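Take a look at the structure set out below.
Owing to the predicted nature of the structure, the values given are computational and were not obtained by experimental measurement. Just so it is clear: chains get the letters A, B, ... in the order the sequence lines come, proteins before strands, and each one is counted from 1.
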Amino acid sequence: MLAAAGRSSIDDLFAQIPGSVRLARPLAMPDGVSEMELAADLRDLARRNRSADDLVCFAGGGAYDHYVPSVVWALAGRSELYTSYTPYQPELSQGVLQILFEYQSMVCELTGLEVSNASLYDGATALVEAVHMTIGRGRSRVLVSRGVDPRAVQALRTAGRGTGYEPESFEGEPQVSDDVAAVVVQHPNVYGVLEPVRERFDAAHAGGATAIQIFDPLSLGVLASPGELGADIAVGEGQGLGNHLSYGGPYLGIIAGRMADVRKLPGRIVGETVDVDGRTGYVLTLQAREQHIRRDKANSNICTNQTLMAIAAAVYLAWLGPEGLAELGGQCLSKAAYAAQALTKIPGVSLLSGEPFFKEFTLRLPRSAVEVIDAMVERGFLAGVAMPQAGDDVLVVALTERRSRDEIDGYVVAMEEVLAS
Amino acid sequence: MLAAAGRSSIDDLFAQIPGSVRLARPLAMPDGVSEMELAADLRDLARRNRSADDLVCFAGGGAYDHYVPSVVWALAGRSELYTSYTPYQPELSQGVLQILFEYQSMVCELTGLEVSNASLYDGATALVEAVHMTIGRGRSRVLVSRGVDPRAVQALRTAGRGTGYEPESFEGEPQVSDDVAAVVVQHPNVYGVLEPVRERFDAAHAGGATAIQIFDPLSLGVLASPGELGADIAVGEGQGLGNHLSYGGPYLGIIAGRMADVRKLPGRIVGETVDVDGRTGYVLTLQAREQHIRRDKANSNICTNQTLMAIAAAVYLAWLGPEGLAELGGQCLSKAAYAAQALTKIPGVSLLSGEPFFKEFTLRLPRSAVEVIDAMVERGFLAGVAMPQAGDDVLVVALTERRSRDEIDGYVVAMEEVLAS
Amino acid sequence: MNEGAPIRTQGPPASSGTIMERSSPGRRASAFAPLDVPAVTVPAGHERALAPELPQVAEIDLVRHYTMLSQQNYGVDTGPYPLGSCTMKYNPKVAETVAAFPGFQRAHPLQPDTTVQGTLEMLWRLERALCEITGMARATMQPPAGACGEMAGLLMMRAFHSDHDASRARGGHARRKVLIPDAAHGTNPASVRLAGFEVVSVPSDDRGLVDVEALGELVDDQVAGLMLTNPNTLGLFEERIEEITGLLHSVGGLVYYDGANLNAIMGKARPGDMGFDIVHINTHKTFATPHGGGGPGAGPVGVTERLVDYLPAPILARDDDGTLRWDRDREKSIGRLHGFHGNVGVLVRAYAYVFGHGADGLTEVSELAVLNANYLAARLAPAFPLAYPDAPPMHEFVSSVESLKRQTGVRAMDVAKRLIDLGYHPSTVYFPLVVDEAMMIEPTETESKQTLDAMAEAFLRAADEAHTSPELLHDAPVTTPVRRLDEARAARRLKLRWGAMHPPD
Amino acid sequence: MNEGAPIRTQGPPASSGTIMERSSPGRRASAFAPLDVPAVTVPAGHERALAPELPQVAEIDLVRHYTMLSQQNYGVDTGPYPLGSCTMKYNPKVAETVAAFPGFQRAHPLQPDTTVQGTLEMLWRLERALCEITGMARATMQPPAGACGEMAGLLMMRAFHSDHDASRARGGHARRKVLIPDAAHGTNPASVRLAGFEVVSVPSDDRGLVDVEALGELVDDQVAGLMLTNPNTLGLFEERIEEITGLLHSVGGLVYYDGANLNAIMGKARPGDMGFDIVHINTHKTFATPHGGGGPGAGPVGVTERLVDYLPAPILARDDDGTLRWDRDREKSIGRLHGFHGNVGVLVRAYAYVFGHGADGLTEVSELAVLNANYLAARLAPAFPLAYPDAPPMHEFVSSVESLKRQTGVRAMDVAKRLIDLGYHPSTVYFPLVVDEAMMIEPTETESKQTLDAMAEAFLRAADEAHTSPELLHDAPVTTPVRRLDEARAARRLKLRWGAMHPPD
Ligand SMILES: Cc1ncc(COP(=O)(O)O)c(C=O)c1O
Ligand SMILES: Cc1ncc(COP(=O)(O)O)c(C=O)c1O
């Protein structure tokens with residue numbers, strides 16, 4: 001092969017690299033190992049974790065222990081799908097393209113909005129992209145409800161440094177002057193509580209700003225959709241839709257909006273069309289928005305996205321169906337209510353967040369939340385998520401359809417013990 | 001649908017079942033559960049086991065902890081393969097058919113014999129089928145070396161009750177009179193030891209009997225093949241070829257023999273042919289041997305076989321390649337030698353089996369083997385397999401390429417402790 | 001909606017040869033940890049002379065080759081698979097998940113019983129459930145498939161008779177005959193013969209049921225037993241089943257239930273209540289364990305109380321403290337049928353199906369299986385009349401292409417091949433042997449009405465085309481990677497492995 | 001040997017509509033445990049008015065539908081995928097196994113650090129290895145893809161300059177310009193703009209390398225930095241790289257290494273040693289984490305010592321007792337870029353690749369990647385000359401179809417589509433934008449010589465056919481489930497979801 005390539009040696013292939021930058025030594029890391037050794041190494045590492053596989057998980061905060069049915073990854077794990085890349089050649093990619101089209105359709109149904117893209121990185125970056133859609137025409141202020149996940153706000157703050165805004169937080173009624181680009185509300189909010197979204201969005205619209213809702217896709221079988229609530233753009237974390245917890249990623253950034261804004265929408269969008277013989281087929285469309293065409297004029301720099309997670313979400317949503325989605329929502333709602341009631345009977349424990357809530361609620365504990373969480377791990381529970389910005393004694397507890405009454409009762413008993421000790 | 005079928009109710013569909021045999025009550029078992037509950041139930045059951053996943057496995061006796069590379073089940077687990085059945089419609093089944101053809105080819109290469117079928121249930125039943133091929137023409141005695149796995153002999157005894165023979169065991173030189181149908185030798189034998197197979201088979205042939213070898217497919221990169229040793233029929237357990245331990249099944253019965261005997265070979269056989277356009281393709285062939293055509297004249301009653309395990313074996317063997325097979329054999333050989341040497345240095349421990357051996361050897365312990373095994377479990381080891389028929393103090397220890405020197409050294413230390421206590 | 005015959009079919013030639021054609025000297029996918037103990041070589045005289053010619057390929061070659069081959073295969077996951085007698089129902093994916101739990105997948109068969117209580121508990125519960133479903137007392141999980149279960153059952157018959165028969169003086173061999181309906185599956189007669197019995201064929205009456213009068217003639221004290229499916233091989237329920245089992249029992253014979261058709265009657269009727277003494281179950285049929293391209297399956301066998309002692313050994317026993325263990329000490333047992341405990345990995349999947357569905361779900365399975373078959377039979381009847389229209393079909397039915405053949409020259413095989421081009425796996429054809437031009441169709445409960453309708457339209461279209469353009473059927477299939485294959489040539493010019501071609505003999 | 005374009009192509013119409021067309025009221029795949037606590041309903045005013053119209057299907061419908069769709073997709077597992085700049089190498093299967101270990105897969109991102117020491121150790125070791133490979137001091141694992149890594153890098157540039165720049169008085173905004181070669185990938189300029197900088201384009205010379213003299217002209221104290229791949233977007237090594245980075249450093253600028261082409265130089269040269277300050281890595285390219293149909297990836301970013309303080313927060317810290325924890329207390333950090341810790345599930349796979357290959361293996365990867373590209377370039381040269389023949393290609397190369405087009409009217413797109421019919425995924429076409437009728441070909445190291453030869457023959461055949469039967473190219477593809485699609489219509493008559501069609505606006 002060297003000869004055919006007109007080269008005399010492997011070294012010759014690298015001759016154009018100046019000696020001064022050539023690495024004169026081997027890389028300072030171990031040499032390769034066999035699959036057998038590698039798997040053993042990673043198995044040992046994995047076993048050093050205590051995960052939701054052996055701890056009963058009441059942690060939420062944007063990542064939830066919803067059940068992932070086997071069928072989801074039996075299909076999303078088909079290698080023709082996961083070893084392909086962005087469908088630049090649509091004739092060879094009808095599988096991925098059609099599934100993304102179905103995903104977009106289901107996201108529109110879920111959110112009650114008109115158009116969805118084919119995925120963003122995660123919920124937090126989806127918020128960044130949504131806000132970015134709204135900046136301009138003299139509007140560059142971003143009002144963010146205090147109920148928005150602080151991690152999402154941090155991501156917004158990071159991105160804002162580049163684009164030139166600084167998220168401002170508001171509580172109650174937002175003051176929407178004519179320099180406000182967006183009003184962001186999370187619903188259910190980071191404390192789990194249902195917000196008076198319609199009023200907030202009315203205020204946004206009255207001031208000419210864009211209403212952005214951060215939503216929980218799993219709530220939308222029972223809760224009013226972003227579209228119904230008046231959101232112009234809805235973003236959410238799609239992890240719960242068939243994606244594993246995986247210590248925070250790969251997750252799924254969902255974004256949906258109005259058709260009028262489709263050309264501002266970031267990322268890939270799949271459209272239906274026909275081929276030269278008139279057969280229905282799918283392609284990436286409106287590519288003129290994207291970085292590879294618009295370059296520094298593009299709205300977003302996203303290229304590689306989270307397609308596989310969107311595929312899993314499509315399979316999961318089709319698995320759920322409308323009735324499943326509603327039943328799941330009802331289960332979350334009921335189990336959260338049951339758990340909150342039982343926990344607040346423990347002396348010293350009270351609801352910090354008000355009601356109503358969906359699947360998460362926030363407790364004030366008589367002790368440091370971090371300590372309680374550690375003590376609960378000893379008893380086999382991931383007790384929830386601490387929320388230091390609201391107080392050291394604040395704990396957010398999440399309930400999914402997966403938690404049984406027995407598990408909840410066990411959790412309550414363990415919490416009593418921990419708080420009594 | 002009922003109306004279209006001309007029926008008035010679901011009950012009507014079962015009207016032809018006489019009331020006297022109708023089940024008038026629900027089945028006395030729980031009602032169905034969701035996937036989520038089912039998976040939790042089975043996960044709990046699986047966790048009640050301590051498997052080779054957390055115990056270091058030195059157990060063998062026909063089932064071995066060889067490494068199963070990820071690629072094997074990534075491919076054998078493709079649903080088009082595993083949700084299909086016997087390829088009765090070859091045009092829709094070229095995948096399974098070609099893989100079985102490749103499997104047969106690789107088995108022939110391994111064994112040095114001319115023809116293989118497409119799988120039998122497991123090693124023990126493969127022996128039964130092999131012996132069955134030899135009965136007839138005035139020959140009905142079956143001589144079985146004492147080195148043959150007692151479980152295989154038991155299976156032979158069970159089947160012999162139907163076909164009309166009683167396996168007779170021999171040690172040393174078999175006495176092959178003209179009523180002897182088959183001489184069966186296991187090599188390496190159940191104690192791990194290499195037998196003087198050639199001499200045994202010469203004796204068999206001198207007496208006009210068929211020479212049957214039970215072989216270990218993983219030994220055949222380094223050990224002489226059954227064909228080279230003079231076997232007429234070779235049978236073996238194919239579990240080690242990419243199939244999981246799975247508490248004993250599904251495993252893979254391998255059988256190979258001479259072309260002259262192909263019409264006696266049990267089970268499915270795939271052959272190459274051409275289609276009406278001259279394209280190469282594969283079909284089930286020589287079906288006239290089989291039960292569905294020959295019925296009570298068939299040599300074997302096998303129908304459903306272990307195709308999927310044969311597929312896994314084909315992928316595994318192609319993964320190994322000739323060099324991998326040889327390297328694996330060398331590793332087994334070397335690790336067994338190392339372990340045997342270290343263990344027999346422990347006071348009171350001696351080699352019961354002589355040398356040479358391949359990957360297994362047999363120890364005489366100063367204590368009951370069953371007790372030692374239990375005590376070793378406490379220390380994180382599956383110490384081996386007891387062999388009560390050879391003595392309560394007899395332990396068979398197996399080494400695969402997967403065991404590291406560290407694990408072996410740890411095992412030796414644990415054994416010292418156990419025997420000292 | 002078109003289900004499609006989802007196998008790769010056109011474009012560049014599908015076949016790129018065997019894996020050997022991807023082989024290249026020195027390439028290799030496998031790797032091991034470096035040998036960390038002193039190297040030992042094979043003792044003299046034991047070395048292999050000629051290295052096996054296995055393929056030399058990288059992992060990527062393996063993956064491309066076998067992925068492509070998988071795409072040339074049709075499974076239940078690609079479309080309907082109405083093979084009569086095979087119960088090709090959908091295989092729920094959860095079964096694959098749970099079977100892969102390391103506690104199950106990595107258990108060694110010879111571990112101490114105390115270390116595998118999870119597996120033993122699973123097997124115990126499954127045994128109890130199977131006994132409840134079939135009306136049996138105990139069951140063995142050893143047989144890896146139905147045929148092996150038949151063997152187990154017949155050997156138990158044999159052992160039972162040699163124990164109990166008044167004619168034991170004659171060596172227990174007096175009962176030489178086992179009765180089997182003429183339409184029975186091939187494994188039945190083959191097993192009978194291998195168990196040392198003689199096959200006696202029982203005729204059917206013109207409704208397709210056992211001719212009970214003729215059976216009466218055949219039954220005598222030389223009869224060890226009768227093997228039967230119910231619904232029978234034609235998919236019809238043997239209404240006189242109690243008379244039949246009674247007849248056998250009256251001469252001391254035993255009755256064996258071939259469980260291939262159990263899918264029709266779960267929760268509705270139990271073999272035990274019909275008078276059967278021995279029952280095998282094909283978990284790969286009734287309990288949706290994947291067929292694996294031909295296997296593995298599992299063939300648990302249940303027996304009534306009086307046969308429990310003869311079950312293959314070992315069987316499970318529960319100690320007073322609840323611990324389960326293998327009871328090996330079973331004097332009357334027929335012995336061992338499998339190297340270890342049977343296809344346990346398959347049985348985990350069966351457990352998932354049985355307990356996932358539960359009492360209510362299994363009953364519904366049978367209801368829908370029978371409903372689907374009746375619906376499809378009715379839809380096909382205009383073109384493909386039932387071979388035995390006088391008894392109502394249960395979960396499957398046998399149609400005959402005989403009249404179509406007379407009118408158009410098109411045979412059952414042609415219809416089958418045309419169905420392939422129309423996107424469907426054909427039904428079983430030419431079985432049972434007693435029906436000319438038989439098509440044996442078992443849609444199973446997992447096909448929806450939409451799918452049944454689409455399938456019916458394909459069958460009816462093929463029947464239509466038999467009249468209007470029979471060449472479409474004669475030439476079919478044309479959409480597959482290969483077209484009709486020369487089976488005669490395959491058997492004549494045996495090529496059963498790469499590299500070697502054996503001349504006709 | 002033919003690799004085949006293994007996607008389902010003929011037979012019954014491949015398309016059977018969307019999953020919605022399999023929907024039937026009341027059908028449902030999902031099931032939950034019965035609610036075991038008192039049922040609570042949604043508080044008034046919060047109820048959903050209109051239920052979402054999701055499909056109503058059974059599990060079998062899901063499986064058939066998505067299995068069929070998967071068969072209509074071409075991935076690395078089906079054949080070669082020589083997309084330039086994308087490094088579509090083989091994805092070892094072991095990565096899927098280890099990523100699925102429950103300890104990794106079921107870890108919640110907000111668990112106490114003490115409970116996820118396994119994951120943190122994995123991330124730590126991976127960070128160390130990536131820093132060694134690239135010559136950086138520390139790295140962040142947060143960016144979920146390369147583009148996000150670019151953003152992180154540019155924001156660090158920004159923060160660094162506003163901290164260090166003499167002209168801080170001017171608000172740290174003095175350095176407004178970021179230089180990018182004209183051939184750069186679209187994400188580079190997009191990121192620059194989003195980070196609040198202006199793009200200044202750097203021209204190439206006629207060898208296809210950065211015009212260092214022109215660069216000299218562009219460099220001044222308003223320049224925040226330069227972004228570059230090396231090998232560059234044309235697959236050529238920037239031989240004057242030290243001069244380039246020196247130029248930037250001389251005015252206080254920073255140099256960003258876009259790691260898209262890292263596959264060419266592992267173990268051979270390190271961005272850090274070339275003078276780069278910031279490096280992103282695309283694990284989905286260099287470290288074979290599956291591309292997922294478009295994602296997920298991961299885009300770790302490494303920096304030299306002087307930039308460590310600016311890394312996104314949190315970063316890992318090891319306490320004296322060896323315990324790892326997230327250090328959140330990082331005053332100068334640019335902040336958070338992702339909701340949690342990045343695509344950790346992807347990073348496990350990258351770890352498997354990096355440590356599976358090790359120092360020797362990674363070096364060999366680059367050697368073979370460059371060898372394969374050079375071999376293929378040489379084989380294709382007669383028909384598809386290199387766009388920049390004066391510098392030797394590294395791991396990928398850009399050919400031009402310009403001369404073929406002039407002779408035959410056949411365009412790069414036609415060649416690409418014809419390759420599909422010949423069984424191959426085409427290369428990248430029309431990128432980089434600076435080359436007319438560009439074909440950017442990156443075979444990767446995992447393709448064997450056999451495969452390269454077969455691929456070369458397909459390319460050459462297409463070139464031949466351009467002369468002899470150009471309609472084969474113009475009409476291609478004809479072997480796929482759909483033929484060339486009307487992209488203009490898709491953009492004009494937007495139909496982006498089922499049910500709704502939006503009129504042209
Ligand atoms: C009626 C009947 N009996 C017995 C069998 C044999 O069962 P197995 O294939 O599981 O050995 C079959 C299998 O098709 C069958 O249909
Ligand atoms: C040169 C170059 N830079 C940057 C990127 C963007 O990386 P990602 O897709 O991971 O965001 C790519 C991806 O194709 C690329 O090729």
Any side-chain donor near an acceptor of the partner, R106(D) and S51(A), under 3.5 Å: no
Under 4.5 Å to a heavy atom of chain D? For Q16(A) that would be both
So, the part of A152(A) with a heavy atom under 4.5 Å from chain D: the answer is neither
query = Without hydrogens or angle criteria, can the side chains of H338(D) and T125(A) be said to hold a donor-acceptor pair below 3.5 Å?
reply = no
The interface call for A31(D) against chain A, heavy-atom contacts under 4.5 Å, is backbone
Minimal heavy-atom distance between Q331(A) and L35(D), with the atoms involved, is NE2-N, 3.7 Å
Closest non-hydrogen atoms of E91(A) and K417(D), given as atom of the first, atom of the second and distance, are OE1-NZ, 2.7 Å
Check: H244(A)/S246(A) side-chain N/O donor and acceptor closer than 3.5 Å:
no
So, the part of L325(A) with a heavy atom under 4.5 Å from chain D: the answer is side chain
If you tally heavy-atom pairs under 4.5 Å between each of A29(D), G292(D), G335(D), G358(D) and chain A, the highest tally belongs to G292(D)
The interface call for Y81(D) against chain A, heavy-atom contacts under 4.5 Å, is side chain
Interface check, chain A: of P43(D), A145(D), G356(D), A378(D), most non-hydrogen pairs under 4.5 Å belong to G356(D)
Checklist line | Pair S191(D)-E150(D), side-chain donor/acceptor within less than 3.5 Å | finding: yes
I'd like to check M266(D) versus H357(D) (side-chain heavy atoms, cut-off strictly below 4.5 Å). Are they in contact? no
Counting heavy-atom pairs under 4.5 angstrom with chain A, the leader among G294(D), P312(D), C148(D), A391(D) is G294(D)
With chain A, the option among F32(D), Y375(D), Y351(D) that has the most non-hydrogen atom pairs under 4.5 Å is F32(D)
If one checks every heavy atom of P69(A) against chain D at 4.5 Å, the contacting part turns out to be neither
Most contact-rich option vs chain A, by heavy-atom pairs under 4.5 angstrom, among A129(D), A33(D), A49(D), is A49(D)
Okay, L50(D) and chain A: the region with an atom under 4.5 Å from a heavy atom over there is both
Answer key: most heavy-atom pairs under 4.5 Å with chain D among S116(A), C303(A), P87(A) is C303(A)
Whatever's closer than 4.5 Å to a heavy atom in chain A on M88(D) counts as side chain
Applying a strict 4.5 Å limit to non-hydrogen atoms, the region of R7(A) in contact with chain D is side chain
Quiz prompt | Short side-chain donor-acceptor distance under 3.5 Å, Y82(A) and N73(D) | solution = no
Residue from L110(D), D273(D), V346(D) scoring the most non-hydrogen pairs under 4.5 Å with chain A is L110(D)
